[in-house]
Amino acid sequence: MKALFGLVPAAALLALALPADAAPDGATVFARCAACHTRTGAGVPGAYPPLGADFRALAAKSAGRRYLALAVIKGLSGPITVEGKPYRGVMPAQVLDDATTAAVLNHVGTQIAKTGPAFKPFTDKEVAGHRASGSGLSAADVAKLHAGVGGK
Ligand code: HEC
């Protein structure tokens, strides 16, 4: 018990020592997504899909959430159809840790994708689970998941 009491203040100090901006900022990370998907997430028809209604529809289903997380983690190599338009591009894997992946997905779900069902935020734990379950998948395998989850 005595040892435990000793640990608590140490943990509290550690938390205080972390800079306030240590939590990943989804808006900052989104700048790299915007290079292709555009700043508003509207995308470029036929080249870069919009991050909008399809994103929110997918995020409302557990299989869709896995697809979204894995698209960012593993990359994506279609064909996929998003909002009625075909895409046959390649999205490179984004090298982000679990918390940062969750932060950028949450930024998209709340600030970029404005239509569709209510958005439930990703946690870093959920992203870690998808990363583990999808570790053997290629970018082309991830794209195949899209058809199965019926986005918009
Ligand atoms: C180099 C360009 C590029 C960058 C950077 C990029 N993407 Fe993509 N993204 C694409 C392309 C291209 C596709 C479609 C791939 C295909 O045609 O199979 C795509 C598809 C997606 C999809 C699937 C959309 C759907 O409705 O099925 C999501 C989600 C996504 N990107 C999110 C992101 C996020 C979040 C980031 C930033 C962390 C990001 N992308 C960065 C090019 C990019």
Side-chain angles (χ1 to χ4, degrees), residues 11 14-152:
L14 188 66
L16 281 176
L18 288 171
D21 61 356
D25 176 23
T28 305
V29 181
F30 184 73
R32 68 157 82 186
C33 322
C36 295
H37 292 280
T38 76
R39 196 177 54 79
T40 63
V44 177
Y48 303 118
L51 299 176
D54 196 55
F55 184 97
R56 290 266 292 260
L58 291 165
K61 300 178 184 173
S62 55
R65 295 173 73 83
R66 179 168 182 259
Y67 161 80
L68 291 174
L70 289 176
V72 173
I73 292 167
K74 307 292 279 189
L76 194 61
S77 175
I80 55 171
T81 302
V82 179
E83 294 183 24
K85 294 198 177 68
Y87 294 86
R88 234 173 221 287
V90 176
M91 170 168 152
Q94 305 293 302
V95 183
L96 302 169
D97 65 20
D98 296 334
T100 309
T101 302
V104 76
L105 288 169
N106 292 341
H107 178 74
V108 173
T110 57
Q111 306 298 318
I112 304 295
K114 299 234 162 88
T115 53
F119 177 73
K120 178 177 160 249
F122 287 81
T123 61
D124 47 356
K125 210 173 152 201
E126 179 183 359
V127 170
H130 297 317
R131 189 189 295 276
S133 78
S135 64
L137 300 185
S138 67
D141 294 332
V142 177
K144 288 190 192 118
L145 299 176
H146 185 273
V149 288
K152 279 271 160 348

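Both counts, for ligands and for their atoms, begin at 1 and track the order of listing. Hydrogens, waters and symmetry mates are skipped; everything else that's a heavy atom, side chains included, is used. These figures come from a predicted structure and were not determined experimentally.
Between Val72 and Val127, every side-chain heavy-atom pair lies at or beyond the 4.5 Å cut-off. Inter-residue side-chain proximity for Tyr87 and Val82 is flagged as met; some heavy-atom pair is nearer than 4.5 Å. Here the side chains of Pro49 and His37 are in contact, with some heavy-atom distance below 4.5 Å. His146 places a side-chain heavy atom less than 4.5 Å from the side chain of Asp54. A 4.5 Å side-chain heavy-atom check between Leu96 and Arg32 finds at least one atom pair inside the cut-off.
For atom 13 (C) of ligand 1, the nearest non-hydrogen atom of the protein is Pro49 CD, 3.4 Å. The nearest protein atom to atom 28 (C) of ligand 1, hydrogens excluded, is given as Leu51 CD2, 3.6 Å; this is a heavy-atom distance. For atom 29 (C) of ligand 1, the closest non-hydrogen atom on the protein side is Leu68 CD2, 3.6 Å. Among all non-hydrogen protein atoms, the one lying nearest atom 33 (C) of ligand 1 is Met91 CE, 3.4 Å. Atom 5 (C) of ligand 1 has its closest protein heavy atom at Arg32 O, 3.3 Å. Atom 1 (C) of ligand 1 has its closest protein heavy atom at Cys36 SG, 2.7 Å. Protein heavy atom nearest atom 16 (C) of ligand 1, with residue, atom name and distance: Gly89 O, 3.3 Å. In this structure, atom 18 (O) of ligand 1 lies nearest to the protein heavy atom Gly78 N, 2.5 Å.
If you number the atoms of ligand 1 from 1 as listed, the ones under 4.0 Å from a heavy atom of Val82 come out as 25 (C), 26 (O), 27 (O). Within ligand 1, counting atoms from 1 as listed, the ones closer than 4.0 Å to a heavy atom of Tyr87 are 17 (O). Set against the non-hydrogen atoms of His146, the atoms of ligand 1 under 4.0 Å away are 27 (O). Of all atoms in ligand 1, listed by their number and element, those nearer than 4.0 Å to a heavy atom of Val72 are 35 (C). Residue-ligand proximity, Asp54 to ligand 1, at heavy-atom distances under 4.0 Å covers atoms 25 (C), 26 (O), 27 (O).
Of the candidates Asp25, Leu105, Leu51, Phe30 forms a side-chain contact (heavy atoms from CB on, under 4.5 Å) with just one, namely Leu51.
With a 4.0 Å cut-off on non-hydrogen atoms, Leu105 does not touch ligand 1 at all. By the criterion of a heavy-atom distance under 4.0 Å, the backbone of Arg88, and not its side chain, is placed next to ligand 1. Using a 4.0 Å cut-off between heavy atoms, Ser77 contacts ligand 1 through its backbone alone, with no side-chain atom that close.
Of the polar atoms of Gln94, none of the N or O atoms is found under 3.5 Å from an N or O of ligand 1, judged by distance alone.
Atom 8 (Fe) of ligand 1 has no N, O or S atom of Cys33 under 2.8 Å away, backbone or side chain.
Nearest residue to atom 24 (C) of ligand 1 from Tyr48, Phe30, Phe55, Tyr67 is Tyr67 (criterion: closest heavy atom).
Atoms CZ and CG, on Arg131 and Leu70 in that order, are 9.0 Å from each other to the nearest 0.5 Å. Interatomic distance, Thr110 OG1 to Lys120 NZ, rounded to the nearest 0.5 Å: 15.0 Å.
In summary, the side chains of Thr101 and Asp98 do not present any donor paired with an acceptor at a separation below 3.5 Å, with no hydrogens or angles considered.
Within the 4.0 Å heavy-atom cutoff, Pro92 counts among the residues contacting ligand 1. At least one heavy atom of Ala47 lies less than 4.0 angstrom from ligand 1.
When all heavy atoms of Ala139 and Lys74 are compared, the pair lying nearest together is CB-O, 3.8 Å. Residues Val149 and Lys61 approach most closely at O-NZ, 2.9 Å, considering heavy atoms. For the pair Ser77 and Ala143, the tightest heavy-atom approach, listed with the atom from each and the gap, is O-CB, 3.2 Å.
The backbone N or O of Ser133 sits less than 3.5 Å from a side-chain atom of Arg66, completing a donor-acceptor pair.
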